[in-house]
Amino acid sequence: MNMTTSLTHTSHEVINGNQGTPFVLLCDHASNAVPEPYGDLGLPREQMERHIGYDIGAARVTRQLAATLGAEALLTRFSRLLIDPNRGEIDPTLVMRLSDGAIIPGNARADADEVEKRLDLFHRPYHQAITRTLDERQARGQVPLLVSIHSFTPSWRGAVRPWHAAVLWDKDPRLALPVLEALRQDAGLIIGNNEPYDGALPGDTMHRHGTSRGLPHVLIEVRQDLIADDAGADEWAARLADVLRPLADDPANGRVEFYGSRTDRHDGGIAPALKAEIEAAVLDRLITHLRARTDVQNIDLMNLAGFCRNCLSNWMLEAARLHHLPMTKDEAREAVYGMPYERWKELYQREASPQARATFEGSGGRHVDDGNSA
């Protein structure tokens with residue numbers, strides 16, 4: 001085991017490795033910490049301990065793997081709920097307001113200025129550190145081999161996930177396929193190939209530092225129940241070290257080579273997973289816009305477009321119930337209004353004009369709530 005030293009920054013930690021070791025390990029979701037002045041983002045501690053706050057077990061695996069390989073490692077020191085470092089700067093899911101059924105109060109009013117502030121404080125310093133590390137290695141004539149460590153939940157929306165681990169990749173097979181093949185040599189393991197997630201995500205960490213630079217790279221996901229304690233994490237770190245170590249000497253990994261990305265589409269199509277994220281972002285943008293336009297009454301929305309804020313909250317509640325997520329009517333409304341519904345009415349709701357009421361009633365519009373808020 002090699003001795004290493006660590007350098008810490010508000011946003012990340014760098015574990016120095018041996019210069020001759022080509023591996024650079026990344027752990028994007030290493031921590032569930034929320035630095036000051038963001039407090040706890042309005043969430044109880046048990047929510048931050050869930051997978052929505054960080055990748056359970058991933059940090060321990062990364063540290064042990066770095067020590068075993070003598071590799072340099074960079075780990076974040078903030079929760080993905082504050083801002084997700086595994087998303088591009090313009091990704092719609094960069095700052096989540098709703099994550100796996102949990103409303104994030106501290107993100108409810110995160111406007112463009114606040115997102116920019118979090119980018120400067122946390123997201124950018126982490127990625128700038130990665131860039132510096134890779135630049136320094138390439139300046140010495142070394143081709144870095146990027147390995148990103150993540151973890152995933154044993155079940156999702158009631159569906160059990162059978163995979164023990166997964167190899168995620170885009171189009172560069174140099175690390176991904178040998179890792180996949182080696183892990184599948186163990187008959188007792190079920191190893192996913194781009195499942196339960198797809199490794200082609202524009203602007204994510206691997207795309208930014210691997211695909212775009214032509215560097216060999218792979219993202220490895222391990223199921224969280226297998227690495228939730230130190231013994232399990234250490235076992236998987238040892239297994240991954242055995243898989244990765246021979247790849248350092250493969251001539252195919254000693255050169256920069258550009259494979260492009262499966263997301264570089266020219267037919268106007270969008271990968272299903274990305275399409276779902278874009279659609280979620282559009283809804284998030286609409287909700288943010290409606291929160292800012294408190295001058296626009298619900299009855300005005302009903303008269304002009306046939307829906308209002310309460311419709312959105314009802315649709316959100318229906319979708320949550322469809323996926324067996326615990327959400328109340330009040331919680332759904334607060335997710336849309338950015339505050340308790342009764343408080344919004346006190347602050348912003350006005351008596352509807354006779355003309356607005358006549359238009360609403362004349363259209364045969366069906367109110368989704370009581371009162372004059374339509």
With [X], which residues qualify under salt bridge (Lys or Arg N to Asp or Glu O under 4.0 Å), at least two apart?
X: E181; value: none
X: R45; value: E49
X: D135; value: R213
X: D28; value: none

**Study point:** Residues forming a ring-ring contact (aromatic ring centres under 6.0 Å, His included) with Y38, sequence neighbours excluded
**Key:**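 Counting only residues at least two positions away or on another chain, Y38 forms no ring-ring contact (aromatic ring centres under 6.0 Å, His included).
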Review point. For H29, what residues pass the ring-ring contact (aromatic ring centres under 6.0 Å, His included) criterion, not counting sequence neighbours?
Key: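 By the ring-ring contact (aromatic ring centres under 6.0 Å, His included) rule, H29 matches H150.
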Review point. Mind checking whether H12 and Y126 have parallel, tilted or perpendicular rings, split at 30° and 60°?
Key: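 Tilted.
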Point to revise | I56/I227 under side-chain contact (heavy atoms from CB on, under 4.5 Å): CA gap, chis, key distance, verdict | key: CA-CA 7 Å; I56 296 167; I227 57 174; 5.8 Å; no
Practice item. Enumerate the residue pairs fulfilling ring pair (Phe, Tyr, Trp, His ring centres under 6.0 Å) with a member in residues 66-90, sequence neighbours excluded, ordered by first and then second residue. Key: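 Qualifying pairs, neighbours excluded: F78-F122.
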Practice item. Could you name each residue pair satisfying ring pair (Phe, Tyr, Trp, His ring centres under 6.0 Å) that touches residues 174-212, not counting sequence neighbours? Key: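 Every ring pair (Phe, Tyr, Trp, His ring centres under 6.0 Å) pair that includes a residue of residues 174-212, provided the two are not neighbours, is H127-H209.
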Practice item. Any chance you could pull the hydrophobic cluster mates of Y259, using side-chain heavy atoms under 4.5 angstrom and chaining through other members? Key: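 Other cluster members: none.
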Check your understanding: Do any pairs count as a side-chain hydrogen bond (donor to acceptor under 3.5 Å, both in side chains) and have a residue in residues 102-113, sequence neighbours left out, and if so which ones?
Key ->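 Listed once each, the pairs are N107-R118.
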Review point. For the side chain of R333 and the backbone of M339, is there at least one donor-acceptor N/O pair under 3.5 Å apart?
Key: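 No; judged by distance alone, with no hydrogens or angles, the pair does not exist.
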Exercise for review: Using side-chain hydrogen bond (donor to acceptor under 3.5 Å, both in side chains) as the criterion, list what pairs up with T93, not counting sequence neighbours.
Suggested key: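 For T93 the side-chain hydrogen bond (donor to acceptor under 3.5 Å, both in side chains) partners, ignoring immediate neighbours, are R87, D91.
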Check your understanding: Which residue pairs satisfy the salt bridge (Lys or Arg N to Asp or Glu O under 4.0 Å) criterion with at least one member in residues 67-81, sequence neighbours excluded?
Key ->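 Listed by first then second residue: D55-R80, E72-R137.
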